[in-house]
Protein chains: 2
Amino acid sequence: MKNNLEILKRCGVRPTPQRIAVVKYIFESKGHPDADTILENVRKTCPTISRATVYNTLNLLVAKGLLQTQILKGRTVIFDPNTQKHHHFVDDATGKVFDIPWDTLKVSQNKTLQGFQVRDYQVIMRGRRES
Amino acid sequence: MKNNLEILKRCGVRPTPQRIAVVKYIFESKGHPDADTILENVRKTCPTISRATVYNTLNLLVAKGLLQTQILKGRTVIFDPNTQKHHHFVDDATGKVFDIPWDTLKVSQNKTLQGFQVRDYQVIMRGRRES
DNA sequence: AATAAATATTGACAATGTTAAAAATAGGAT
DNA sequence: ATCCTATTTTTAACATTGTCAATATTTATT
Ligand SMILES: [Mn+2]
Ligand SMILES: [Mn+2]
Ligand SMILES: [Zn+2]
Ligand SMILES: [Zn+2]
C-alpha cells in the first residue's frame with residue numbers, strides 16, 4: 001500500500017523514510033505491537049533507525065489520532081492502529097491481544113453510578129483463545 | 001486492627017515487623033497504592049525497610065491471594081486489597097482509582113464470541129469524578 | 001549553493017521492578 | 001544460654017521501558 005505515505009501527508013507530518021517505515025509496519029501488521037517489536041521489525045528495512053525516532057513517530061501518530069495506546073499485558077504500552085471504540089481480549093497463554101468489536105458486547109447499568117461522569121470505557125477480557 | 005497479624009499467620013507467612021507494616025498499610029488505607037507509595041508510607045513506621053522487601057512482601061501477598069494487581073494508570077502496577085470481582089473507574093484529573101461493585105454493571109453479549117474462552121473480565125471506565 | 005527549519009541520532013537519564021549475594025534475624029535443638 | 005540452621009532483609013547491581021537534551025543530519029526555501 002502506497003497509502004502509508006498518504007496517511008502522513010494528510011495529517012501534515014513530513015513523510016521521512018523512518019516515519020514511512022514505522023507507519024508501514026504498524027498499519028500493515030494489524031496487531032498490537034509494543035515499541036520494541038516495532039523497532040526490531042522496522043530495522044529490517046530501515047536499519048539505522050533509532051529508538052528515539054520510533055518513540056517520536058509513535059507519539060506523533062498518537063497525537064494525530066492515528067493510533068491509540070493500551071496497556072493490556074505486563075507494563076508495556078502497545079500501539080493500536082484500531083482507533084474506533086472497541087474492547088479487548090488477551091490470551092493468557094500467548095499474551096496475544098484480540099480486538100472485540102464494540103457492538104459485540106453491551107454494558108448496562110443495574111444501579112446508577114452516582115458521581116461518576118464516564119467519558120470512555122472498555123471491557124477487557126482474559127482467557128484462552130481456542131485453537 | 002490486630003487482624004493484620006492474623007492475616008499473615010493464617011496463610012503461613014512468618015509475620016515479621018516489615019511484613020506486618022506492609023499489610024497494615026495496604027489493608028487499612030483501602031486505596032489502590034503503587035509499590036513506591038507503599039514504601040514511602042511504610043517507612044514512616046518502619047524506617048529501615050528496603051524496596052526489595054516491599055516488593056517481596058507484595059508479591060507474596062499476591063501469590064497467597066490476599067492482593068490483586070492492576071495496571072490502570074500509567075505503566076505502574078497498583079496493588080488492590082479488594083480481591084472480589086469488581087470493575088474500576090479512573091479519574092482523568094486526579095488519577096484516583098475507584099472500585100465499582102460487580103453488580104453495578106451488566107455485560108451481555110449481543111453476538112457470541114466464537115473461539116474465545118473467557119476466564120475473567122472487567123470494565124474499566126475513565127472520566128471525571130464529580131466534586 | 002547557502003541558509004534555515006525540521007528531523008534523526010546518540011547518549012544520558014529516570015522510573016519501575018527483579019535478582020544474587022551478603023548480612024541480619026528468628027527458631028529449634030542441645 | 002549457646003550453637004546451628006533456615007528464613008528473611010538488605011544492599012547493590014542489573015534489566016526494561018520510556019523520555020530528554022545536545023548534536024548531527026536531512027530537507028525545504030531562497
Ligand atoms: Mn517487547
Ligand atoms: Mn508513585
Ligand atoms: Zn485494539
Ligand atoms: Zn479495585
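Each chain gets a letter, A, B and so on, in the order its sequence line appears, and its residues count up from 1. Quick note: numbers below take in every heavy atom, side chains included, and nothing from hydrogens, waters or symmetry partners. A quick note: this is a predicted structure, and the numbers were derived from the prediction, not measured.
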What are the two closest non-hydrogen atoms of [X] and [Y], and how far apart are they?
X: B/Gly95; Y: B/Lys73; answer: O-CD, 3.1 Å
X: A/Leu66; Y: A/Cys11; answer: CD1-SG, 3.7 Å
X: B/Val123; Y: B/Met125; answer: CG1-CG, 3.8 Å
X: A/Phe89; Y: B/Val118; answer: CE1-CG2, 4.0 Å

- request: Fit a plane to each ring of B/Tyr121 and B/Trp102, take the angle between them on a 0 to 90° scale, and name the class: parallel (under 30°), tilted (30 to 60°) or perpendicular (over 60°).
  value: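 Tilted.
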query: Are OP1 or OP2 of C/dT9 and a side-chain N or O of A/Thr53 less than 4.0 angstrom apart?
result: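 For A/Thr53, the contact criterion (side-chain N or O under 4.0 Å from OP1 or OP2 of C/dT9) is met.
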Specify the separation, in whole Å, of atom [atom1] of [X] and atom [atom2] of [N].
X: B/Leu60; N: C/dT18; atom1: CG; atom2: P; result: 13 Å
X: B/Ile20; N: D/dT9; atom1: CD1; atom2: C1'; result: 15 Å
X: B/Lys73; N: C/dA15; atom1: NZ; atom2: P; result: 16 Å

task: Mind listing the residues from residues 8-18 of chain B sitting with a heavy atom below 4.0 Å of DNA chain D? Number order is fine.
output: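 B/Arg14, B/Thr16, B/Gln18 - these, ordered by number, are the residues of the stretch whose heavy atoms sit under 4.0 Å from the strand.
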Sequence-distant partners of A/Lys111, salt bridge (Lys or Arg N to Asp or Glu O under 4.0 Å), two or more places apart: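 A/Lys111: salt bridge (Lys or Arg N to Asp or Glu O under 4.0 Å) contacts with B/Asp103.
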Protein-nucleotides 18-20 of chain D N/O pairs under 3.5 Å:
{"residue": "D/dG18", "atom": "OP1", "partner": "A/Val77", "partner atom": "N", "Å": "2.8"}
{"residue": "D/dG18", "atom": "OP2", "partner": "A/Tyr55", "partner atom": "OH", "Å": "2.7"}
{"residue": "D/dG18", "atom": "O5'", "partner": "A/Tyr55", "partner atom": "OH", "Å": "3.2"}
{"residue": "D/dG18", "atom": "N7", "partner": "A/Arg51", "partner atom": "NH1", "Å": "2.7"}
{"residue": "D/dG18", "atom": "O6", "partner": "A/Arg51", "partner atom": "NH2", "Å": "3.1"}
{"residue": "D/dT19", "atom": "OP2", "partner": "A/Asn59", "partner atom": "ND2", "Å": "3.4"}

Donor-acceptor side-chain pairing of B/Gln122 and B/Gln70 below 3.5 angstrom: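 Their side chains do contain a donor-acceptor pair, which is all the 3.5 Å distance test asks for.
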message: Working to the nearest 0.5 angstrom, can you tell me the gap between B/Asn41 CG and B/Arg43 CZ?
response: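 Between B/Asn41 CG and B/Arg43 CZ, I get 11.5 Å after rounding to 0.5 Å.
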